[in-house]
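What follows is a set of notes on a single structure, which appears directly below.
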Amino acid sequence: MKDQLNKILQNAKDKLEQAKDRADIEDIRVKVLGKKGELTAILKSMGQLSKDERKELGQAANKARAEIEQLINNKFEEAKEAAKALRFKKERIDVTEPGKSIGLGVKHPLTITIEEISRIFMSMGFSIAEGPEVETVFYNFDALNAGPNHPARDWSDTFYINDDVLLRTQTSPVQVRTLLKQKPPIKVISPGRCFRCDTPDATHSPMFHQVEGLVVDEGITMADLKGTLDSMAKQLFGSSTKTKFRPHHFPFTEPSAEMDVTCFKCGGKGCRVCKGSGWIEILGCGMVHPNVLKVGNVDTEKYTGFAFGMGVERIAMLKYGIDDIRLFYENDMRFIEQFK
Ligand code: DAH
């Protein structure tokens, strides 16, 4: 039995020598000292021995046990230190390494365009008015002189929430809201989102932006409209830009017009951007229809006004040479970062 004891001791020593981590050491501990361990088995079998033999072997077994326990504890400590050293190595921080810079965001080209248009009008004394994107049929159509049979009211053109509520198809309802809130003189612009049932393609999107404008005061004439918008076009597209007004129809203005600017690419000679005509259409405008002023309780004998509305995407696409409207909404940083 003594031989067996020595063998167990030697075997435990050898195995501990090879143990790689705490799990290995724990395995050895259980195999040797555990309830069903090798050393425990020897102690259990000592009953068959004589008293003297039992005493001698008992002492030897206890000594072996103490020795193995000590070895195991040492090995545990070693493994713990090794694990700690490894962690320190892994987590080491190089304080001399240069810091990571945090990328600054950039403004979206539509934001840049809205800010530029707003800045131009604010420099002419306009202030900013706001209206809801979820609008009533009354403000979006009826109050703007677009009666029940107006084609823009068709369900296939407009996102209705119910019979009376819709996603606004234009920023023009802000005109009526402003007239009901403020007394003339009024001079506001209103940038914002609009929605129409359009299938997305290179020039259409079911969501887009407009900037609306409204001026109401005593003695406002078409000359004020032309002067204001001509000045805006020169500031937006360059001082050599010329403007031209073509008769048009909008239910909420009379007379109505569309304004073209000379192509800023070719200067009016004709190119791909202006499709050879030398002119580019950029907005709708007109003298505010008396029916609209009346909804706003404005004395139409005393006051007149003009209004205009322009598509922000269209202007941004022209200014920056963007050929697909969908690029604005894809959130592709490679596109957006070009406008730094
Ligand atoms: N709301 C018109 C549209 O979406 C644009 C417009 C035209 C606005 C003439 C106006 C205006 O204020 O006077 O096509």
Side-chain angles (χ1 to χ4, degrees), residues 106-124 126 170-171 189 191-192 194 196 198-205 207-213 215 222-250 253 255-287 306-330 332-340:
V106 293
K107 279 186 184 165
H108 193 279
L110 291 177
T111 306
I112 297 173
T113 308
I114 288 174
E115 283 182 357
E116 194 174 352
I117 295 169
S118 301
R119 188 183 48 74
I120 292 170
F121 281 107
M122 278 155 79
S123 76
M124 294 195 268
F126 284 71
Q170 48 187 355
T171 44
I189 57 159
C194 306
R196 286 181 202 174
D198 271 329
T199 307
D201 63 24
T203 53
H204 294 87
S205 161
M207 189 281 295
F208 58 99
H209 297 74
Q210 287 187 337
V211 175
E212 191 76 15
V215 173
M222 193 90 182
D224 297 301
L225 176 158
K226 288 175 91 171
T228 306
L229 295 180
D230 184 78
S231 166
M232 181 228 37
K234 287 186 164 56
Q235 292 181 64
L236 196 58
F237 295 112
S239 55
S240 58
T241 306
K242 290 193 189 77
T243 53
K244 145 175 119 174
F245 292 80
R246 282 178 293 101
H248 200 78
H249 168 78
F250 296 104
T253 42
S256 304
E258 276 189 332
M259 186 178 90
D260 297 348
V261 294
T262 40
C263 179
F264 47 86
K265 195 91 185 189
C266 63
K269 283 195 220 73
C271 70
R272 207 174 61 90
V273 173
C274 58
K275 299 197 182 91
S277 75
W279 294 93
I280 297 171
E281 180 238 311
I282 63 155
L283 57 79
C285 57
M287 300 305 291
F306 69 85
F308 55 89
M310 61 189 103
V312 178
E313 277 80 352
R314 186 172 161 72
I315 289 178
M317 285 169 84
L318 290 168
K319 263 195 88 136
Y320 297 117
I322 297 163
D323 58 7
D324 195 320
I325 195 171
R326 289 167 292 196
L327 287 166
F328 287 123
Y329 317 117
E330 282 170 356
D332 187 333
M333 289 306 284
R334 289 169 304 181
F335 169 72
I336 293 172
E337 281 184 336
Q338 292 176 56
F339 302 92
K340 249 183 196 157

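Going from atom CD1 of Ile114 over to atom CD of Gln210 covers 11.0 Å, rounded to the nearest 0.5 Å. Rounding to the nearest 0.5 Å places OG1 of Thr262 at 9.5 Å from CZ of Phe237. Rounding to the nearest 0.5 Å places CE of Met310 at 9.5 Å from SG of Cys285. Here the CH2-SG distance, from Trp279 to Cys266, works out to 11.0 Å after rounding to the nearest 0.5 Å. Taken to the nearest 0.5 Å, the CG atom of Asp260 stands 12.5 Å off from the OG1 atom of Thr241. The distance from atom CD of Gln235 to atom CZ of Phe121, rounded to the nearest 0.5 Å, is 9.0 Å.
Using a 4.5 Å heavy-atom threshold, the side chains of Lys226 and Thr243 count as separate. For the pair Leu318 and Val273, the minimum side-chain heavy-atom distance is below 4.5 Å. Residues Leu327 and Asp332 have side chains not in contact (no heavy-atom distance under 4.5 Å, counting atoms from C-beta outward). Looking only at side-chain heavy atoms (C-beta outward), Leu283 and Leu229 come within less than 4.5 Å of each other. A 4.5 Å side-chain heavy-atom check between Phe308 and Ile189 finds at least one atom pair inside the cut-off. Taking 4.5 Å as the limit, some side-chain heavy atom of His108 sits within range of a side-chain heavy atom of Phe328. Two residues are said to be in side-chain contact when any heavy atoms from C-beta on lie closer than 4.5 Å; Val215 and Phe126 meet this criterion. Under the 4.5 Å side-chain criterion, counting only non-hydrogen atoms from C-beta, Glu313 is not in contact with Ser205.
The shortest heavy-atom contact between Met317 and Asp323 is CE-C, 4.0 Å. In this structure, Leu225 and Phe245 approach most closely via the heavy-atom pair CD2-CE2, 3.5 Å. Shown here for Ile322 and Phe335, the closest heavy-atom pair between the two residues is CD1-CZ, 3.9 Å. Here the closest heavy-atom approach between residue Phe339 and residue Ile112 is recorded as O-CD1, 3.6 Å. Taking both residues in full, the closest heavy atoms of Asp201 and Ile325 are given as O-CG2, 3.3 Å, listed atom of the first, atom of the second, then distance. Closest non-hydrogen pair, Cys274 versus Gly278, comes out as SG-N, 3.2 Å.
Here Phe208 pairs with nothing under the ring pair (Phe, Tyr, Trp, His ring centres under 6.0 Å) rule; sequence neighbours left out.
Under the 3.5 Å distance criterion, the side-chain polar atoms of Gln170 are left unmatched by any main-chain donor or acceptor of Cys194. A donor-acceptor contact shorter than 3.5 Å links the side chain of Tyr329 to the backbone of Met207. In terms of modelled atom types and a separation under 3.5 Å, the side chain of Arg314 and the main chain of Glu281 share a donor-acceptor contact. Counting only distance, with no hydrogens or angles, the side chain of His209 and the backbone of Pro191 share no donor-acceptor pair below 3.5 Å. Listed for the Thr171 side chain is no donor-acceptor partner under 3.5 Å among the backbone atoms of Gly192.
Around atom CE of Met124, more than 12 heavy atoms belonging to other residues, nucleotides or ligands sit under 6.0 Å away. Annotation for Lys234: atom NZ counts as buried by contact number, over 12 foreign heavy atoms lying within 6.0 Å.
The pair Asp324-Arg326 meets the salt-bridge criterion, since a charged nitrogen lies less than 4.0 angstrom from a carboxylate oxygen.
Residue pairs meeting the side chain to side chain donor-acceptor pair (under 3.5 Å) criterion with at least one member in residues 112-124, sequence neighbours excluded, are Lys107-Glu115, Glu116-Lys319.
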